[in-house]
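Here is the structure we will look at, set down as structure tokens.
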Amino acid sequence: MNAIIFSAVAGVVMMFTGIITQQKSTIRNVALAALLVVLLANIFDTYGIFSIYIPTHGMLNFQKFGLYFNTLAFAATFLFTLISGSDVTLIGNGRHGAEFFALIFFSLAGIAILTSYNSLLMLFLGIEIMSIPLYILTGADKRNLKSNEASLKYFLMGSFSTGILLMGIALMYGARGGFEIDALKPSAVSNEYGILDPLGLVLVFIAIAFKVSAAPFHFWTPDVYDGAPGVFTSYMATIIKAAGFIAFIRLFDNKAVEMGMSWKIILPVVIIATLLVGNITAVFQQSVKRMMAYSSIAQAGFMLFAVFAENDVAKEGILIYTVAYSVATIGIFAVLEKVKDISLEGFNGLAQKSSLLAGTTTVFLLSLTGIPLTAGFFAKYYMLLSAIKYGGSSVTWLVIVAVIFAAISAFYYFRVIQAMYFKKGNPELHSFNKGFCFMLVLLAVVTILIGMFPTIILNWFYF
Amino acid sequence: MIPLLLIIVPLIGGLISFLLKEDKAAKSWSLLIALVTLAIALSGIYFFNNADALSIHLPWLPALGSSFDVHMDGMSSMLTLLTAIGFPVIFVAIYKNSYTKPGNFFAGMLLTQAGLMGVFVAADALLFYFFWELALIPAYFLASNWGGEKRIAATFKFFVYTFVGSLLMLIGIFYLYFQTSGNHSFAIESFYHLHLSTHQQYVFFWLFFIAFAIKMPLFPLHTWQPDAYEQATTGVTMVLSAIMVKMGLYATIRWLVPVFPEATTHFANFIIILAVIGMLYASLIAIRQDDFKRVIAYSSIAHIGLMCAAIFAQKEVGWNGVMVQMFNHGIVVLGLWIVADAIEQQLGTRKLSELGGLAQKAPELAILFVIMALANIALPLTNSFIGEFLMFNGLFQYNMVIAIFALITIILTAVYTLNTVQKIFYGEVAIQTTHAVDAGLHVRFILWILVVVIFFFGIYPEPMIHLTNDTVKALLVQ
């Protein structure tokens with residue numbers, strides 16, 4: 001409960017900060033302090049110290065997994081603000097930094113609901129609270145037509161998916177007479193629900209698949225990620241997307257299997273479609289930002305393995321994947337903000353210009369590819385392991401398809417590395433300070449550290 | 001302790017080398033590190049009977065059933081020794097060459113060495129996979145950054161091939177992991193004790209073998225190799241062809257045959273035939289090549305093919321031969337590359353058609369190269385002879401017809417090797433070679449050392465067979 005309350009309050013605080021001061025560094029520092037408070041409040045909550053309790057009549061159910069995910073999401077947001085906070089305050093005419101941070105906090109409140117919902121109504125509320133601020137953030141650069149287009153597109157498509165979600169919930173309610181996902185337990189399920197119940201579940205599935213940009217519901221992703229200001233793309237592609245997966249896992253946690261509905265037929269199709277669309281299209285992109293948008297679809301394909309497998313390994317895996325993928329993506333988008341020409345040619349010869357930017361970007365790209373000694377390796381490791389644990393040799397074909405796509409992903413990630421190191425050019429950079437360099441190095445170190453000892457994340461989880 | 005040092009010393013030395021900007025400093029530093037590593041590897045041979053010195057077990061990821069478990073037996077000692085000899089030899093041979101950003105170049109070389117050492121000593125599947133990839137990444141950067149015009153594309157082809165292979169191997173490792181009893185474990189011992197059904201063996205065998213076959217490379221997965229060898233700068237090519245290809249052979253012996261005995265026997269015929277086709281095919285192509293580096297590249301495919309065939313023949317004699325030849329092929333091919341590099345550095349061309357009569361200008365280099373060439377043909381008294389003899393012996397015991405086809409390659413090897421010698425060193429003096437002089441002192445020095453090694457093990461191969469015989473027996477029984 002702490003996470004929801006504190007992040008909502010922090011959002012309001014940020015709005016008032018915007019009235020009191022226009023100074024950018026102050027706004028950023030207040031946001032950092034507020035994030036720290038939210039983070040600590042959630043950690044306290046996890047261990048039962050100073051946790052605020054408000055009766056919700058079973059609509060929210062705070063479990064360690066969800067709370068721990070909150071911690072990771074808040075920590076990732078904290079890192080994001082540290083490295084990109086000053087860019088957030090510059091977006092648009094540079095006068096609305098505080099409001100942008102307020103919106104980020106509100107979406108964090110939505111995440112906190114998503115990680116702990118126990119009722120379909122709360123799922124709906126969580127998704128909406130998380131999404132509406134994002135529609136605004138996407139259009140934050142309001143003098144930029146692409147940003148406006150992205151925002152409108154995202155909003156319209158998002159509204160459709162909201163409608164579908166609501167329809168699905170209504171059907172399930174009609175079939176079951178309750179909103180609690182406990183009511184989905186196998187004991188309560190029988191064939192008497194008829195077609196309504198599975199149909200409702202499919203609609204809910206589609207709505208969440210839309211949020212995590214799984215194919216064939218991914219069409220908004222490239223345009224929105226490309227059009228939105230880079231910093232917000234970074235936030236959307238990482239923390240928000242991971243939260244969507246937690247919503248997935250909570251809903252389908254062991255229950256869908258026994259519902260008489262064969263998810264295990266639908267999911268592999270979705271996984272392969274997502275991997276196919278993301279990876280193949282990313283290969284042909286000329287803009288690094290757009291390439292990252294498609295790559296985020298591809299990564300979602302891998303994360304769907306956690307929903308597919310639904311076992312302990314998968315749960316641990318999605319935590320590691322969240323951290324690995326978020327850290328690397330935040331780092332790459334931070335670098336993108338500093339490079340003036342974000343097409344692939346714009347990266348030519350970056351290593352000569354700034355070996356630090358090139359070196360850290362290389363670590364992030366290797367991590368996204370899944371090379372050992374980076375966090376991304378263990379992310380993929382857990383996903384494949386969970387699938388094999390779940391399916392044994394019956395999923396061999398699926399994991400082989402997945403690793404072939406992982407090899408294809410090397411193609412476009414390594415193109416950036418090739419441009420930076422092996423091609424000649426003189427890229428133009430925006431100025432950046434020592435603190436930015438320090439943060440980049442920190443992110444790279446975190447990536448490598450998790451790549452060597454992934455259990456440091458999981459030990460906290462079991463602690 | 002020794003295997004750990006073999007990994008750590010080049011690793012740390014490589015990281016420090018990134019900081020060195022001066023050409024001289026980077027070269028001397030990396031040579032120093034390589035020599036220290038060589039000393040450690042030699043002490044590994046010295047302490048050969050001391051089990052404590054040769055293995056180390058550290059906790060790494062207990063929750064995942066994996067530990068930092070490294071161990072050296074005879075085969076590991078042999079290959080770590082080859083790695084440890086190879087790098088200082090390469091560093092001396094390229095001492096006078098100039099590289100842009102020398103600190104980074106030598107750092108990459110040392111990191112590759114650390115990865116290779118890790119592959120040869122790892123006794124835990126996950127750790128093995130880690131080092132397998134870690135050897136690849138610095139090699140990728142080295143080959144893409146320094147080399148010929150098409151290096152980026154050629155190296156990327158090499159990378160993608162290897163990466164696909166290793167990911168398939170990763171899946172294979174996962175399947176075996178879930179087959180292990182009790183708390184699942186990645187330890188090699190638990191892999192050896194698996195009882196896999198025939199069907200499982202047939203499937204998982206390929207997940208591993210494709211990775212190893214790409215690395216060797218085995219026909220028809222070899223297409224990355226000539227391009228990569230040709231385009232990479234020769235110092236890197238030496239690492240790739242003398243040492244890195246041994247990863248595939250080593251892994252087959254260590255991780256494939258003992259774990260999948262039935263599948264190995266079942267597919268042996270098919271793989272041996274592929275290997276022999278590859279030998280003939282590569283030898284025939286080598287005859288037609290005009291680029292010196294490509295000749296050596298195809299020659300290397302042929303030699304590796306023979307080793308692969310001998311492994312799958314599964315005869316003790318043949319395996320002894322493979323062990324010996326893994327080392328000796330490395331030494332000989334290093335010598336060939338060093339000559340190739342010396343010629344290219346001085347004359348700026350590798351084309352056989354543009355060279356000729358070099359023996360008149362560089363007599364000492366000619367003598368040295370002829371010895372290397374004879375060793376490449378595996379003439380008696382050179383070190384390759386004993387290895388190839390034993391391997392052919394094993395192949396004969398397996399199947400006479402196949403062995404006869406394989407024997408044809410000996411003739412073909414003689415054809416292209418002597419043809420190369422003749423075109424480069426004899427005949428009319430070509431325009432390119434009119435002003436040639438003998439190779440630098442450091443090149444001749446290092447070649448003489450290799451010649452001594454070639455003759456020593458050609459006349460007295462007993463220590464090598466003694467070193468690896470226990471491993472052969474232990475692994476073939478499994």
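Just so it is clear, the values below take in all heavy atoms, side chains as well, and ignore hydrogens, waters and symmetry mates. Remember, it's a predicted structure, so these values are computed and weren't measured experimentally. Lettering of chains follows the sequences in order, A, B, ..., and the numbering in each one begins at 1.
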Q: Test Phe159(B) against Phe411(A) for ring-ring contact (aromatic ring centres under 6.0 Å, His included), laying out the working first.
A: CA-CA 10 Å; Phe159(B) 178 83; Phe411(A) 187 82; over 10 Å; no
Q. Which is it for Val160(B) and Phe414(A) under the side chain to side chain contact (heavy atoms under 4.5 Å, CB included) test, yes or no, and what are the steps along the way?
A. CA-CA 10 Å; Val160(B) 169; Phe414(A) 272 64; over 6 Å; no
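Contact annotation: the side chain of Tyr175(B) approaches that of Val399(A) to within less than 4.5 Å [non-hydrogen atoms, C-beta and beyond]. Side-chain contact between Ile417(A) and Phe141(B) is present, with heavy atoms from C-beta onward closer than 4.5 Å. Two residues are said to be in side-chain contact when any heavy atoms from C-beta on lie closer than 4.5 Å; Thr155(B) and Phe422(A) fail this criterion. A heavy-atom distance below 4.5 Å is not found between the side chains of Leu167(B) and Ile404(A).
Heavy-atom distances place no part of Phe204(B) under 4.5 Å from chain A, backbone and side chain included. Using a 4.5 Å cut-off between heavy atoms, Phe405(A) makes no contact with chain B at all. With a 4.5 angstrom heavy-atom cutoff, Leu207(B) touches chain A only via side-chain atoms. For Thr369(A), the parts lying near chain B are the backbone and the side chain together; criterion is any non-hydrogen pair under 4.5 Å. Contacts between Ile171(B) and chain A at a heavy-atom distance below 4.5 Å involve backbone atoms as well as side-chain atoms.
Closest of all the heavy-atom pairs between Tyr421(A) and Asn145(B) is O-OD1, 3.8 Å. Across every non-hydrogen atom of Leu61(B) and Met452(A), the tightest pair is CD2-O, 4.0 Å.
With rounding to the nearest 0.5 Å, the separation of CD1 in Ile152(B) from CZ in Arg415(A) is 12.5 Å. Lys101(B) contributes atom NZ, which lies 5.5 Å from atom CD of Gln352(A) (distance to the nearest 0.5 angstrom).
Your options are Phe131(B), Tyr129(B), Tyr140(B), Trp132(B), and the one with the most heavy-atom pairs under 4.5 Å with chain A is Tyr140(B). Options Leu385(A), Thr455(A), Val313(A) differ in how many heavy-atom pairs under 4.5 Å they form with chain B, and the most are formed by Leu385(A). When each of Phe163(B), Phe156(B), Trp60(B) is scored by its heavy-atom pairs under 4.5 Å with chain A, the top score falls to Phe156(B). For chain B, the option among Leu373(A), Ile408(A), Leu384(A) with the highest count of heavy-atom pairs below 4.5 Å is Leu373(A). Ranked by heavy-atom pairs shorter than 4.5 Å toward chain A, the options Val164(B), Ile173(B), Ile137(B) are led by Ile137(B).
The stretch residues 272-280 of chain A places none of its residues near chain B, where near means some heavy atom under 4.5 Å from a heavy atom of that chain.
Side-chain atoms of Tyr381(A) do not come within 3.5 Å of backbone N or O of Leu170(B) as any donor-acceptor pair.
By the neighbour-count criterion of 12 heavy atoms within 6.0 Å, atom CZ of Phe438(A) is sparsely surrounded, having that number or fewer from other residues, nucleotides or ligands.
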